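Report on one structure; see the data block that follows.
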Protein chains: 2
Amino acid sequence: MAEKQQRTLVDQVFKKIFDLLVRGEIPLGGVVNEAALAERFQVSRGPVREAVKQLQGRALVVKEPYLKARVVDLSVEDMIEIFQLREAVEGMSVRLATQTMSDSDLDRLLADFSDALENKDGPVLDVHVRIAEASGNSRIRSLLCDELYYLLRLYRARSGDVPGRRQNAFSEHWQILRAMKARDADLAESLMRAHIARATSALHDLLESKDEDGADQSEKRNAG
Amino acid sequence: MAEKQQRTLVDQVFKKIFDLLVRGEIPLGGVVNEAALAERFQVSRGPVREAVKQLQGRALVVKEPYLKARVVDLSVEDMIEIFQLREAVEGMSVRLATQTMSDSDLDRLLADFSDALENKDGPVLDVHVRIAEASGNSRIRSLLCDELYYLLRLYRARSGDVPGRRQNAFSEHWQILRAMKARDADLAESLMRAHIARATSALHDLLESKDEDGADQSEKRNAG
DNA sequence: TTCAACAAAAGTGTTGACACTTTTTCGCCG
DNA sequence: CGGCGAAAAAGTGTCAACACTTTTGTTGAA
């Protein structure tokens, strides 16, 4: 993804639809109507179809033949699955980065992190992205930054951050970076895994507290 | 994937093209020609286009706008990246399976494995698939069994198995299953990771031995 | 002979029309 | 009044034609 040249309609439409999802104009679980989107973007249905197919490939849209496509409705259970996967992959990501990053790159990362501490509106996930990019493994980077990151954004757009995580994140990130600086790959990996596992626990708690109130206010609108 | 109902042409075409790749009729790096495939399968180009787009989504086909689509040409470096990812994810997979599998399911897995030892033409990867399915995490299962598995098959179809691995695989699998039976998730995970890391090392060796012979016999044919 | 510009061919991107499936609507019968 | 079934509507799947881009091949001049 990233900075693809987008010379083709499909790519433009893909991005436009994705923005619609992130901005919540098509809500989670909402219907994705090809004809309506084609009309809206002033293109034919072909490119829209292919763009939706791509979104489907990224698991952002769910569909069966001849049935309306729907935006994925991420449950807390889904998020737990995603966080379990992230725990494993981000652990490997930081392990590889610790082993292969140059000293200068590492110093720059530490410096940038310190800078980010000043202007507090933190790009929390940026540390994870930087590490994934530094891992040198393009598939791990793509999985974390392209696939899972989008799902996280979609979930956060609706459900907000996992409660009470923002505060701890900084110190946990700092510990991870220190382990990297010490070239202790084992420690870096286990700190990262613990860091993500804590968020997973918070999700589990959320799940239990939600089991109690039986209220089920599901709200689905149309895309037209 | 698995047993999707395939009521639509796109799904049928997808499967047919994929078979072409696995059977090597379109070689790695070979050109994927929409019109030729449409002619071959007696359908129009639309479904072929979408099927190719899906293959692109699975990273089996690489393409840029207006340029011919090509089957991905997996280098040893690519395989190393994939195995690093697998190490992390299969580790988590076996950890989760160890924690959540019922005793009876675990016993059945052990029994099936013993049976497979008899008829020697081993489905080596089947143990991994069974564990992934038992992990209870659908995203991990899908990543391992749908995405990465296809890439492995494609690589093996051309390059054969990683040398000298077949023999050790059985005993390593057996150790993993024993750890699962003992409900030792930590041990199961580290055994699995070591199991896959060994294959990664073999790939690294392959890489070094290949650096010496500068012969570059690349062979690309057309799909028509 | 070599290189550049141009023309032809091949291949991908896009479109609008038509076919098929699913859903909704509406009238009929019980 | 309520449920059943047919007809209409809405939406997705497929197709063939056309537009655009890239590649290939040819010609002509330096």
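Throughout, a chain's letter reflects where its sequence line sits, starting with A, and its residues are numbered from 1. Just so it is clear, the model here is predicted, and its values are computed rather than measured.
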- Looking only at side chains, do B/Thr8 and B/Asp11 share a donor and an acceptor under 3.5 Å apart? no

- With a non-hydrogen cut-off below 4.0 angstrom, is A/Gly46 in contact with a base, only sugar-phosphate, or nothing? base

- Query: Side chains of A/Gln84 and A/Thr200: is there a donor and an acceptor less than 3.5 Å apart?
  - Reply: no

- Message: Applying the salt bridge (charged side-chain N to carboxylate O under 4.0 Å, His left out) criterion to A/Arg45, which one of A/Glu39, A/Glu50, A/Glu34 satisfies it?
- Response: A/Glu34

- Check the pair A/Arg40 / A/Glu25 against salt bridge (Lys or Arg N to Asp or Glu O under 4.0 Å), numbers first and verdict last. CA-CA 13 Å; A/Arg40 174 166 188 162; A/Glu25 290 202 48; 3.0 Å; yes

- Against the side chain of A/Ser44, the closest entry in D/dG13, C/dT12, C/dG16 is C/dG16

- Query: Quick one: on DNA chain C, does A/Tyr66 or A/Val10 contact a more 5' nucleotide (nearest heavy atom)?
  - Reply: A/Val10

- Query: Can you check the A/Glu50 CD to D/dT12 P distance for me, whole Å?
  - Reply: 16 Å

- Message: If I take atom CD in residue A/Gln12 and atom C1' in nucleotide C/dG13, what distance separates them, rounded to the nearest angstrom?
- Response: 12 Å

- Item | Euclidean distance, atom CG of residue B/Leu9 to atom P of C/dA19 [Å, nearest integer] | 16 Å

- Message: With a cut-off of less than 4.0 Å, is there a side-chain N or O of B/Arg45 near OP1 or OP2 of D/dC15?
- Response: no

- Message: Nearest whole Å is fine: how far is D/dA10 P from A/Leu37 CG?
- Response: 17 Å

- Using modelled atom types only, decide if a donor and an acceptor are shared between the side chain of B/Thr100 and the backbone of B/Leu96 within a distance under 3.5 Å. yes

- Item | Rounded distance (Å) that lies between atom P of D/dT12 and atom CG of B/Asp11 | 16 Å

- Query: Are B/Lys63 and C/dG13 close enough that a side-chain N or O sits under 4.0 Å from OP1 or OP2?
  - Reply: yes

- Task: Starting from P on D/dT14, measure out to CD on B/Gln42 and report it in whole angstrom.
- Result: 15 Å

- Message: Is A/Thr8 close enough to C/dT14 that one of its side-chain N or O atoms is under 4.0 Å from OP1 or OP2 there?
- Response: yes

- B/Leu67 side chain, from C-beta outward: closest of D/dT23, C/dT14, C/dT22: D/dT23

- Message: Counting only side-chain nitrogens and oxygens, does B/Arg49 get under 4.0 Å of the OP1 or OP2 atom of C/dG13?
- Response: yes

- Message: Could you tell me how far apart B/Glu64 (CD) and D/dT22 (P) are, to the nearest whole angstrom?
- Response: 11 Å

- Distance below 4.0 Å between B/Lys68 side-chain N/O and C/dG13 OP1 or OP2: no

- Task: Mind calculating the distance between CZ (A/Phe41) and C1' (C/dT14) to the nearest angstrom?
- Result: 17 Å

